[in-house]
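Take a look at the structure set out below.
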Amino acid sequence: MSTVLSVTKRETGHRSTLTQLRKGGAIPAVIYGYKVNSTPISIAAKDFKKSIQKNGQNSVFSLELEGKKVNAVVSEIQQCSLKDEVNHIDFLAINMAEELEADVPIKLLGQSVGVSEGGILMQPNLELKVKVKPTELPESIDVDISSLKIGESLTVADIRDATPVEIISEDDYMLVTIVAPVSVEEETTENEEGQESV
């Protein structure tokens, strides 16, 4: 079910206008895509934050703009890392009957055997690209890592058949790997060798 949010068409122009918008509790945004010309808009920060907390970032939004409702998903969010505030949002208007491509966060489940034995968990990629109907867009892709031992990895090929949505990412796309810890002895040996070669 889509989340209805009221948005306002805004004028583009000076940076001071955007600053005023943000100070007034609004977020500058833009909507483009299916049957919509690229339109600069603004949205109440508290309404957007509340919706994200309730339904997640990957939910479908029904944006009410000048009496017309447009189904859209969040394409990109620009955030201020210092203040943890949203600076700008890109909304992509979508056709609810057609599949879309989206990046979905990878959620690791369980405690890896390898980590319990002292291994170090490495997660080189945090998202997967999937293709789904808008109503079936998951908030995350769950990946069980509990059986992973030191030296073992998981790629898309390992989870593709068990994942309920179509994954576009390649089979060799790395999800997680458990690497052996570097022992104190190894570090000492490497340091000594480095000093000898100087």
Side-chain angles (χ1 to χ4, degrees), residues 1-5 29-34 48-63 70-81 84-183 186:
M1 186 164 175
S2 58
T3 303
V4 180
L5 288 174
V30 64
I31 182 169
Y32 55 87
Y34 181 67
F48 181 72
K49 187 175 180 180
K50 187 177 178 181
S51 178
I52 290 289
Q53 288 173 341
K54 183 180 178 182
N55 303 296
Q57 188 174 313
N58 280 348
S59 59
V60 176
F61 297 88
S62 180
L63 302 183
V70 179
N71 290 312
V73 292
V74 172
S75 172
E76 183 182 0
I77 291 182
Q78 296 173 18
Q79 283 185 292
C80 174
S81 55
D84 193 29
E85 293 176 351
V86 177
N87 279 344
H88 191 274
I89 309 165
D90 284 9
F91 286 103
L92 175 65
I94 57 172
N95 179 351
M96 295 295 285
E98 291 184 358
E99 291 183 325
L100 58 85
E101 294 183 6
D103 292 320
V104 177
I106 299 165
K107 183 179 179 182
L108 303 182
L109 301 178
Q111 173 74 9
S112 161
V113 173
V115 170
S116 299
E117 294 172 348
I120 300 166
L121 186 148
M122 307 284 286
Q123 189 180 0
N125 296 298
L126 302 177
E127 294 180 323
L128 277 175
K129 189 172 283 295
V130 302
K131 186 175 183 180
V132 290
K133 289 277 185 69
T135 52
E136 298 168 3
L137 189 61
E139 188 57 30
S140 64
I141 299 292
D142 294 342
V143 177
D144 186 358
I145 62 167
S146 54
S147 62
L148 272 189
K149 299 174 183 175
I150 293 175
E152 293 183 339
S153 303
L154 280 178
T155 63
V156 164
D158 297 312
I159 68 161
R160 191 182 293 281
D161 292 340
T163 305
V165 295
E166 181 185 348
I167 300 175
I168 298 175
S169 305
E170 297 292 332
D171 277 352
D172 60 356
Y173 188 78
M174 185 66 71
L175 305 177
V176 62
T177 184
I178 310 297
V179 298
V182 178
S183 68
E186 286 175 349

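Being a predicted model, the structure only gives us computed values, none of them experimental.
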M122 side, atom CE; T177 side, atom OG1 - distance, nearest 0.5 Å: 8.0 Å

Testing the basics here: between S75 and L92, what is the closest heavy-atom pair and its distance to 0.1 Å? CB-CB, 4.2 Å

Walk me through it: do M174 and N125 pass the test side-chain contact (heavy atoms from CB on, under 4.5 Å)? CA-CA 7 Å; M174 185 66 71; N125 296 298; 4.3 Å; yes

I168 and Y173: side-chain contact (heavy atoms from CB on, under 4.5 Å), yes or no, with the steps? CA-CA 10 Å; I168 298 175; Y173 188 78; over 6 Å; no

Sequence neighbours excluded, which residues qualify as salt bridge (charged side-chain N to carboxylate O under 4.0 Å, His left out) partners of K50? none

With a 4.5 Å heavy-atom cut-off, do I145 and V115 have their side chains touching? no

Please report the closest heavy-atom contact between V30 and H88, naming both atoms and the distance. CG1-CE1, 3.8 Å

Can you find a heavy atom in the side chain of D144 that is under 4.5 Å from one in the side chain of L154? no

Just wondering, do V70 and Y34 contact through their side chains at under 4.5 Å, heavy atoms? no

Can a donor-acceptor pair be found, under 3.5 Å and without considering hydrogens, that links the side chain of T155 to the backbone of D171? yes

For Q57, is there any backbone N or O sitting under 3.5 Å from a side-chain donor or acceptor partner on E139? yes

When you compare the side chain of I94 with that of F61, does any pair of heavy atoms fall below 4.5 Å? no

Does D103 have any salt bridge (charged side-chain N to carboxylate O under 4.0 Å, His left out) partners at least two apart in sequence or in another chain, and if so, which? K129

Could you check whether atom CD of E127 has more than 12 heavy atoms from other residues, nucleotides or ligands sitting under 6.0 Å from it? yes

Can you find a heavy atom in the side chain of E152 that is under 4.5 Å from one in the side chain of I178? no

Checking V74 against F91 for the side-chain contact (heavy atoms from CB on, under 4.5 Å) test, could you report, in this order, the C-alpha distance in whole Å, the side-chain angles of both residues, the deciding distance, and whether it holds? CA-CA 5 Å; V74 172; F91 286 103; 3.9 Å; yes

Search all heavy atoms of S112 against all heavy atoms of L148 and return the closest pair with its distance. OG-O, 2.8 Å

Calculate, to the nearest 0.5 Å, the distance between atoms CD1 and CG belonging to I141 and L109 respectively. 11.0 Å

Locate the shortest heavy-atom distance separating V156 from E170; write the atom from each residue and the value. CB-O, 3.2 Å

Taking atom CG of L108 and atom CD of Q123, what is their separation to the nearest 0.5 Å? 4.0 Å

Looking only at heavy atoms, the pair that brings D158 and S153 closest together is OD2-O, 3.9 Å

Give me the atom names and distance for the closest heavy-atom approach of V104 to P138. CG1-O, 3.6 Å

Would you give the length of the straight line joining atom CD1 of I77 to atom CD1 of I89, rounded to the nearest 0.5 angstrom? 5.5 Å

When you measure from the side chain of S169 to the backbone of L128, do you find a donor-acceptor pair of N or O atoms at a distance under 3.5 Å? no

Assess whether side-chain contact (heavy atoms from CB on, under 4.5 Å) is satisfied between V73 and V60, documenting all intermediate values. CA-CA 5 Å; V73 292; V60 176; 4.2 Å; yes

How long is the span from the CG atom in L126 to the CG atom in L175, to the nearest 0.5 Å? 11.0 Å

